[in-house]
Structure formats: structure tokens, C-alpha cells
Amino acid sequence: MAGVSDKIFRQLCKENGADVLTTEFVSAEGIFRRNERTREYLDFDEVERPIGVQLFGANAEHMAEAARQVVDWVRPDFIDLNFGCPVNKVVSKNGGSALLKDCPTLSSVAAAVVQAVAPLPVTAKIRIGWDADSINAVRVARILVEQGIAAITVHGRTRAQGYSGAADWIIIAEVAAAASVPVIGNGDLSDPAEVAKRRGETRIAGAMIGRAAMSAPWIFRQTKQYLANGQIMDAPDLTEKWDLILRHCQLAVEEWGVEEPAIRSLRARLMAYSKGFPGSKALREKFQHVSTLIDVSAIAQQHLQTAFESSAAIAA
Ligand SMILES: Cc1cc2nc3c(=O)[nH]c(=O)nc-3n(C[C@H](O)[C@H](O)[C@H](O)COP(=O)(O)O)c2cc1C
């Protein structure tokens, strides 16, 4: 997830059970410019393997060359092609989900990248179609398989939906039944039972969890446990959650090398973490002003103290 799945967050997810990671999407054109930002997007540690680099772009030759350069440069375990991004800046240049309505170009991009990096696997992430009148995920999946794509993740929404409405798991099931490669289902998986239910109802080979991990990275561990033995593992307690949040902040400061911009960059992430916390509205307001580690740990201490006092009051 762009702006979310940076190296630090990916590693926290990995520690919490995520099996396969993908970088934030990277523009093929950005690879050629080799700018600093692109370098950051491509940066990962060995501990994150298996990891894929996700590329977007609409020009087959450029995508192939960019994929080759990425492989030379960082040696990922796979390249993932983004055919799902709904953002105007991307689709206006025919990238991301725009290629769902231009199957010849989608096909040529897939073929060119597969050929460029063989035998490294190339996977693809798609939406179910451009809009409700042009749902074509099964057809797109067939094209991708013909071009040698090794696995397909389907986000069960159209581009027109953005992130609203519900993910259409019927279409995901159709793709999983039709495709001869592993299909990973994605969209609205927010707890282990939901993943188990979708696995039971469809032939998906895997599940991709996005937004739910932003407030609960331990969802991966809980889900694996639930799939293994049907037991619901408790979420970490409030102290453990704050430990994880503070560690995320600490790691970000180390990574950035400068405290204030690092912490300011995490404000939205802190707000996501506090989803479901007691008093989360007040916490969100406080997070709008944090700029140091001390700011965040003071909020943590005060929050834990208040939670402790109110549970003591209830117990009495
Ligand atoms: C902030 C944000 C950034 C995202 N960036 C990407 C991206 O770079 N590449 C991608 O394939 N999907 C991206 N997505 C889409 C998610 O991967 C996922 O398909 C979508 O959120 C639905 O899954 P969920 O309901 O589990 O969140 C992004 C989603 C969000 C909310």
C-alpha cells in the first residue's frame, strides 16, 4: 500500500506472521530516473523475503526495462504488476486499473515483463474491472495466464468504486475457479474468521490483507493460527500494542535519521493504529500535533494510565 507498506511496516507485518510482502508501487519511469524516492521504495532487507517489487506503467518496453533494472538492482523474489490502482494521476497516463479497459496493452505489458525477467516469477494485481458495466476479471486473468503471469491477486472492486462499497467475492471466486495459476483474494478481509470463510467458499490460494493490517498488524498471526486450528488468538493487550507503536516510531526515526520529520510522517499511521482504542477520538486529535518520540510516549503513558484507572474503577 502506497504510503503505508514501507520497509518498517512490512517488517512489523512479517514479524506478525505475513508470509509474502510487496513493496509500495513504483513507477517504471521513476526507475529510469533513479531518483532518491524510487530508491527508498525499492529498499528492502533480506528478512523480508519472499518479497516482490510492484511496478506500474503502461508502456510495455519501459516496463520490461524497468523490471530488468529492478532485478539487477535489488534482486526481489518476484515482480508484481499493478493493474489495480484507481488514482487519477496513474490512470490518466493509462497505468494501473486503466489497463483493465485496454486488454491489448495489458497483455503486451505482461508479456514483455515476463520475458524480460524470466525465470523470475511475475505476478499481477487486478481489480474486477473498470466499472460495473465492464467487469472483466475472468477475461483479464486468462490473458495474464496466457502471457506467463505466475499468480494473480484480485481486489474485488471496480476502479469506479475506489474503496467504497463491498468487495465482490463472487467475481473473485469466478477468477479463482477459472485461472490455472494461484489466485489471491483481496478486499475487506478484516478478521481471521472472514479469511477462513472466503477460503471455504472459493478456490483462492491465498488471502491478501490490506487496510485491516494498518490498525492490527498481528492479524496475520491470528489468521494463520485460526486457519491451522480454528482457535481465535487474543489480540495483544493495550501495553503490547503501544510497545509496537512506539517501536514503529523508533524504527522510523532510525531510518530517517531525523526525528521530527520522521514522527510527523507517522501521524496518519498513528491514527490508524489507534482505531478501536478506548478514547480513540481524543488520541487522533493528539496525534495531529506529535513531532517527537517523547510526544508519542507521553501520549502512550497517559493513555495506559487512564485505561488502567478505568479498569480498576470497574473492578472495584
Ligand atoms: C493507502 C492505500 C494505498 C494503496 N496502495 C496500493 C499499491 O501501491 N498497490 C496495490 O496493489 N494496492 C494498493 N492499495 C490497495 C490495497 O492493496 C488493497 O487492494 C485494497 O485496500 C483492498 O484490500 P483491503 O480491504 O484489505 O484494504 C492501496 C490501498 C490503500 C488504502
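Residue numbers start at 1 and run along the sequence shown. Note that the structure is a prediction, hence the values are computed from the model and not measured. Any value given below was found using the heavy atoms of this structure, including those in side chains, with hydrogens, waters and symmetry copies removed.
- Salt bridge annotation for K125-D80: absent, with no cationic side-chain nitrogen under 4.0 angstrom from a carboxylate oxygen.
- With no hydrogens or angles considered, a side-chain donor-acceptor pair links Q305 and E309 at under 3.5 Å.
- T23 contributes a side-chain N or O that, together with a main-chain N or O of Q54, makes up a donor-acceptor pair within less than 3.5 Å.
- Checking side-chain atoms of D77 against main-chain N and O of I51 turns up a donor-acceptor pair under 3.5 Å.
- Side-chain N or O atoms of D72 include none that pairs as donor or acceptor with a backbone N or O of Q69 at under 3.5 Å.
- Of the candidates R157, R198, H155, D188 forms a side-chain hydrogen bond (donor to acceptor under 3.5 Å, both in side chains) with just one, namely R157.
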L100/R159 under side-chain contact (heavy atoms from CB on, under 4.5 Å): CA gap, chis, key distance, verdict
CA-CA 9 Å; L100 299 174; R159 186 270 173 174; 5.6 Å; no

Is there a side-chain contact (heavy atoms from CB on, under 4.5 Å) between I149 and V181 once you walk through the steps?
CA-CA 8 Å; I149 291 295; V181 298; 5.6 Å; no

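- The aromatic rings of Y273 and F9 sit perpendicular, their planes meeting at an angle over 60°, well past the 30° parallel limit.
- With no hydrogens or angles considered, a side-chain donor-acceptor pair links Q147 and S107 at under 3.5 Å.
- Side-chain N or O atoms of W169 include one that pairs as donor or acceptor with a backbone N or O of G187 at under 3.5 Å.
- For E15 and Q11, the side-chain atoms include no donor-acceptor pair closer than 3.5 Å.
- S97 places a side-chain N or O within 3.5 Å of a backbone atom of C85 that can act as its donor or acceptor partner.
- Using modelled atom types, one side-chain atom of K14 and one backbone atom of R49 make a donor-acceptor pair closer than 3.5 Å.
- For R10 and Y41, the positive end is not near the middle of the six-membered ring at less than 6.0 Å and at most 45° from its axis.
- A donor-acceptor contact shorter than 3.5 Å links the side chain of E48 to the backbone of D45.
- Between the side chain of K224 and the backbone N or O of G17, at least one donor-acceptor pair lies under 3.5 Å.
- Looking only at distances, no side-chain donor or acceptor of E194 sits under 3.5 Å from a matching main-chain atom of L189.
- Under a 3.5 Å cut-off, the side chain of T223 and the backbone N or O of I219 do form a donor-acceptor pair.
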